[in-house]
Student: 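If you scroll down you'll find the structure; I have some questions about it.
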Amino acid sequence: MPSVPSVPLNNGVTIPQLGFGTFQIPPDETCETTVAALEAGYRHIDTAQMYGNEKEVGQAVRESGLDRADVFVTSKLDNGAHAPDEALRAFDRSLEKLGFDYLDLFLIHWPLPGGPGDYVETWKTLEEIYRSGRAKAIGVSNFQENHLRRLLDSSTVVPAVNQIEVHPYLTQEPLRAFGVEHDIAMEAWSPIAQGKVLSDPTITRIAERVGRTPAQVVLRWHLQRGDIVFPKSVTLKRIQDNIAVFDFELSEGDIGEIAALNRDERTGPDPDTFNG
Ligand SMILES: NC(=O)c1ccc[n+]([C@@H]2O[C@H](COP(=O)([O-])OP(=O)(O)OC[C@H]3O[C@@H](n4cnc5c(N)ncnc54)[C@H](OP(=O)(O)O)[C@@H]3O)[C@@H](O)[C@H]2O)c1
């Protein structure tokens with residue numbers, strides 16, 4: 001079974017560098033699929049209040065027979081729950097649905113810069129949750145540099161991660177440099193751009209040369225850059241292939257060639273204008 005390295009976050013908590021994404025997995029498929037991922041060796045699951053499948057993620061952790069402490073679980077605050085009191089209640093509902101007494105990581109899902117609410121105020125609630133010990137780490141998602149600067153200027157806890165869209169067509173170099181400078185780990189969502197980058201000729205050529213699938217090459221590229229990834233799949237063979245990326249290496253040349261595919265192309269919304 002592949003062994004996934006863990007990386008330290010800025011508060012000393014460690015996170016498996018590769019996990020399993022659950023966006024768009026329907027609730028009635030989530031338990032079975034997540035159990036399959038845990039059986040394949042994944043020990044890090046990424047869910048969100050918005051995905052509607054927290055209950056089934058919690059059920060999968062229990063059905064797997066693994067200790068709760070051996071699985072790193074992230075959830076994220078719903079866009080409709082930014083008001084401080086509501087954020088606290090929404091967090092409690094997450095724990096209740098998951099059947100857990102703590103989360104490993106809890107994130108503000110989107111900054112929603114046009115309101116309603118203000119992410120700086122919402123962050124204070126996450127700080128309160130963190131201080132209570134019910135989230136081992138807290139972070140943000142889809143924050144641009146201007147959102148992070150505002151947050152850092154007015155808060156005490158530095159986000160442990162910023163979970164953003166990253167793949168070969170959107171390499172996010174400036175935001176990654178900002179994260180390195182402030183010790184905020186970068187989590188790459190849609191790491192294979194929902195399949196869009198897999199037929200790119202540069203990627204298929206490298207994949208052929210190293211004898212791996214295009215998805216494995218792209219995931220390996222993320223890992224060698226130091227990012228945290230959690231590809232999603234409901235297909236058993238892909239679930240297994242996506243974690244089998246720790247027994248080969250890409251050259252510096254390959255890494256550079258893939259990074260050069262950047263064209264600042266998003267598959268998802270622009271966080272500067274998205275308001276839920
Ligand atoms: N914070 C945020 O705002 C945010 C936004 C989006 C995503 N996320 C997180 O990031 C995770 C991953 O992103 P994502 O689900 O958007 O996209 P992704 O992981 O880049 O791609 C998933 C898609 O690629 C296919 N796929 C997976 N492995 C494959 C392989 N080896 N070969 C060919 N196709 C493959 C899957 O198909 P099948 O399932 O049919 O196999 C699915 O259609 C999410 O599940 C979620 O946890 C967070």
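All ligand and atom numbering here is 1-based and tracks the order in the structure.
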Student: Under a 4.0 Å heavy-atom limit, does F230 contact ligand 1 with its side chain, its backbone, both, or neither?
Tutor: both
Student: Tell me the contacting part of L198 for ligand 1: side chain, backbone, both, or neither, using a 4.0 Å heavy-atom threshold, strictly below.
Tutor: side chain
Student: Who are the ring-ring contact (aromatic ring centres under 6.0 Å, His included) partners of F248, not counting sequence neighbours?
Tutor: none
Student: For atom 37 (O) of ligand 1, tell me which residue out of E29, R238, Q24 has the closest non-hydrogen atom.
Tutor: R238
Student: Give the single entry among L219, I239, V229, I192 that approaches atom 26 (N) of ligand 1 most closely by any heavy atom.
Tutor: I192
Student: Tell me which part of N142 gets within contact of ligand 1: side chain, backbone, both or neither, using heavy atoms under 4.0 Å.
Tutor: side chain
Student: Think K232 forms a cation-pi with F20, using NZ or CZ under 6.0 Å from the six-ring centre and within 45 degrees of its axis?
Tutor: no
Student: Can you tell which of K232, H167, E165, M50 gets a heavy atom nearest to atom 42 (C) of ligand 1?
Tutor: K232
Student: For atom 47 (O) of ligand 1, what is the nearest protein heavy atom, given as residue, atom name and distance?
Tutor: D46 OD2, 2.6 Å
Student: Does the separation of the ring centres of H82 and Y119 fall below 6.0 angstrom?
Tutor: no
Student: Evaluating non-hydrogen atoms only, which member of F23, W189, F274 is closest to atom 45 (O) of ligand 1?
Tutor: F23
Student: Is it the side chain, the backbone, both or neither of A193 that has a heavy atom closer than 4.0 Å to ligand 1?
Tutor: backbone
Student: Apply side-chain hydrogen bond (donor to acceptor under 3.5 Å, both in side chains) to residues N162 and S141 and explain how you reach the verdict.
Tutor: CA-CA 5 Å; N162 186 21; S141 176; 5.7 Å; no
Student: Please state which part of T213 comes within less than 4.0 Å of ligand 1, counting heavy atoms only: side chain, backbone, both or neither.
Tutor: neither
Student: Which of these, P269, S190, A244, has its nearest heavy atom closest to atom 16 (O) of ligand 1?
Tutor: S190
Student: Determine whether the side chain, the backbone, both or neither of S233 has a heavy atom under 4.0 Å from any heavy atom of ligand 1.
Tutor: both
Student: List the closest protein heavy-atom neighbour of atom 23 (C) of ligand 1: residue, atom name, distance to the nearest 0.1 Å.
Tutor: Q194 CA, 3.8 Å
